[in-house]
Amino acid sequence: MLRGDGPAASLRPVRMTSAVDEVTDRLLTAIAVGDFLPGERLPAERELTALLHVSRPTVREAVARVHALGVVEIRRGRNGGTFVRDSWTESSGAAVRRTLLPRWEEFEQLFDLRGLVEGMVAATAARRRRPEDLEPMREALSAHLSASTPREEQAADSAFHRAICTATRNPQIAQLSRDLLTRISLGFPVEPWGKGERSHHERAGHGHTALYEAIAAGEPERAEEIAREHFMISAEMIRDVLARVRAAGAP
């Protein structure tokens, strides 16, 4: 739950009085903001149970509800699982409102905090990076710029920022970055990706390129400034989704 009343607020259990409802809404909202993209497999039941701190029957029922709404499909067999079909259905708007609106002040605080923290991460990487740290960044940057699908872009983006965290030489910094990502992503450590809009992809690509260059050149102040602006893209994606449901006024 995203409560804002303690450092581990996002890791607390969902209220059990309405756990299935809340997990259902959270899954629908996470898909709507692009944590999980069409064609992507959701985390397995056991992993969802650990991420959301609820029971397996709660997760099973919530996934069944999302499936009944047509947002996901369940495939059997060796390569089976629960796969996203569509990012938005008639039920998504109501779920987004119930999930985001009561917490919106906290989300804005988290967006601000994340910009500050990721600026610090980038600056620290620029000060401490070693030559061998740059190759994983270059590879991830190349993969992002050449990606042909939103899923490939999202995967390359994650790899790029993991490489920057590694370059700080401090696992606690990497954990702090992950924790903040988890809080703004409704309990899932996955970067929101909207609907894969090309404008967002291009901005992210420019930001990655500039950030890599600043870190490679050992320029912490420039790296910090670039990172703070870069991480506003995710905030804008979530704001866009909320604006959509506010404009619609109905599910």
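Only this structure's heavy atoms are used, side chains among them; waters, hydrogens and symmetry mates stay out. What you are looking at is a predicted structure, and each value in this text was computed from that prediction instead of being measured.
Residues meeting the side-chain contact (heavy atoms from CB on, under 4.5 Å) test with E152, sequence neighbours left out: A147, S148, T149. The ring pair (Phe, Tyr, Trp, His ring centres under 6.0 Å) search around F188 returns F36, not counting sequence neighbours.
Remark: E132 does not engage R138 in a salt bridge, criterion side-chain N to carboxylate O under 4.0 Å. For the pair R75 and E73, the salt-bridge criterion is met [side-chain N within less than 4.0 Å of a carboxylate O]. Between E45 and R56, at least one side-chain nitrogen of the basic residue sits less than 4.0 Å from a carboxylate oxygen of the acidic one, meeting the salt-bridge criterion. Between D21 and R98 there is no salt bridge, since none of the side-chain N atoms of the basic residue sits less than 4.0 Å from a carboxylate O of the acidic one.
The number of heavy-atom neighbours closer than 6.0 Å to CD of E61, taken from other residues, nucleotides and ligands shown, is above 12. Taking a 6.0 Å sphere around CZ of R85, one finds it holds 12 or fewer heavy atoms contributed by other residues, nucleotides or ligands.
Distance check, rounded to the nearest 0.5 Å: CG of L28 to CH2 of W88 gives 10.0 Å. Separating the CG atom in L27 from the CG atom in L52 is a distance of 6.5 Å, to the nearest 0.5 Å. With rounding to the nearest 0.5 angstrom, the CG atom of D133 is 9.5 Å from the CD1 atom of I215. One finds the CZ atom of F160 at 7.5 Å from the OG1 atom of T209 (value rounded to the nearest 0.5 Å). The CG atom of L211 sits 4.0 Å away from the CD1 atom of I164 when rounded to the nearest 0.5 Å. The line from OG of S91 to CG of D25 is 9.5 Å long, rounded to the nearest 0.5 Å.
Within the 4.5 Å cutoff, no side-chain heavy atoms of R41 are placed close to those of T82. Side-chain contact between S234 and R114: present, with at least one pair of heavy atoms (C-beta onward) separated by less than 4.5 Å. Side-chain contact between F83 and L42 is absent, with no heavy-atom pair separated by less than 4.5 Å. At least one side-chain heavy atom of E106 sits under 4.5 Å from a side-chain heavy atom of L110. For the pair V96/R244, no side-chain contact is recorded, criterion being any heavy-atom separation below 4.5 Å from C-beta on.
Residue L116 is not grouped with residue V121 when hydrophobic side chains (ILVMFWY) are merged at heavy-atom distances under 4.5 angstrom, including chains of intermediate members. M237 and M232 end up in different hydrophobic clusters when Ile, Leu, Val, Met, Phe, Trp and Tyr side chains are linked at under 4.5 Å. Linking Ile, Leu, Val, Met, Phe, Trp and Tyr whenever their side-chain heavy atoms come within less than 4.5 Å puts I184 and L113 in one cluster. Hydrophobic clustering (ILVMFWY, side-chain heavy atoms < 4.5 Å, transitive): V23 and L69 are in one cluster. F231 and F111 fall into different hydrophobic clusters, defined by Ile, Leu, Val, Met, Phe, Trp and Tyr side-chain heavy atoms under 4.5 Å apart, directly or through other members.
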Criterion side chain to side chain contact (heavy atoms under 4.5 Å, CB included) on M137 and L141, from CA distance to verdict
CA-CA 6 Å; M137 292 183 212; L141 175 59; over 6 Å; no
Are V84 and I31 close enough, and set up right, to give a side chain to side chain contact (heavy atoms under 4.5 Å, CB included), and what steps lead you there?
CA-CA 8 Å; V84 177; I31 291 169; 3.8 Å; yes
Going through the checks in order, is the side chain to side chain contact (heavy atoms under 4.5 Å, CB included) test met by R203 and E236?
CA-CA 12 Å; R203 283 183 61 195; E236 290 172 13; 2.6 Å; yes
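Under a cutoff of 6.0 Å and an axis angle of 45°, R239 and W104 do not form a cation-pi pair.
Using a distance-only test at 3.5 Å, with no hydrogens or angles considered, a donor-acceptor pair links the side chain of S92 to the main chain of T89. Put simply, the side chain of R151 never gets that close to the backbone of L37: no donor and acceptor are under 3.5 Å apart. A donor-acceptor distance shorter than 3.5 angstrom exists from the side chain of T168 to the backbone of C165, with no hydrogens or angles considered. Under the 3.5 Å distance criterion, the side-chain polar atoms of Q175 are left unmatched by any main-chain donor or acceptor of Q172.
Paired with H230 under the rule side chain to side chain donor-acceptor pair (under 3.5 Å), one option of E225, H161, H206 passes, and it is H161.
Within the structure, side chain to side chain donor-acceptor pair (under 3.5 Å) contacts touching residues 117-131 (residues at least two apart or in different chains) are E118-S177.
With hydrogens and angles left out, the side-chain atoms of S185 and E191 include no donor and acceptor closer than 3.5 Å. Checked by atom type, the side-chain pair T58/S55 shows a donor-acceptor distance below 3.5 Å.
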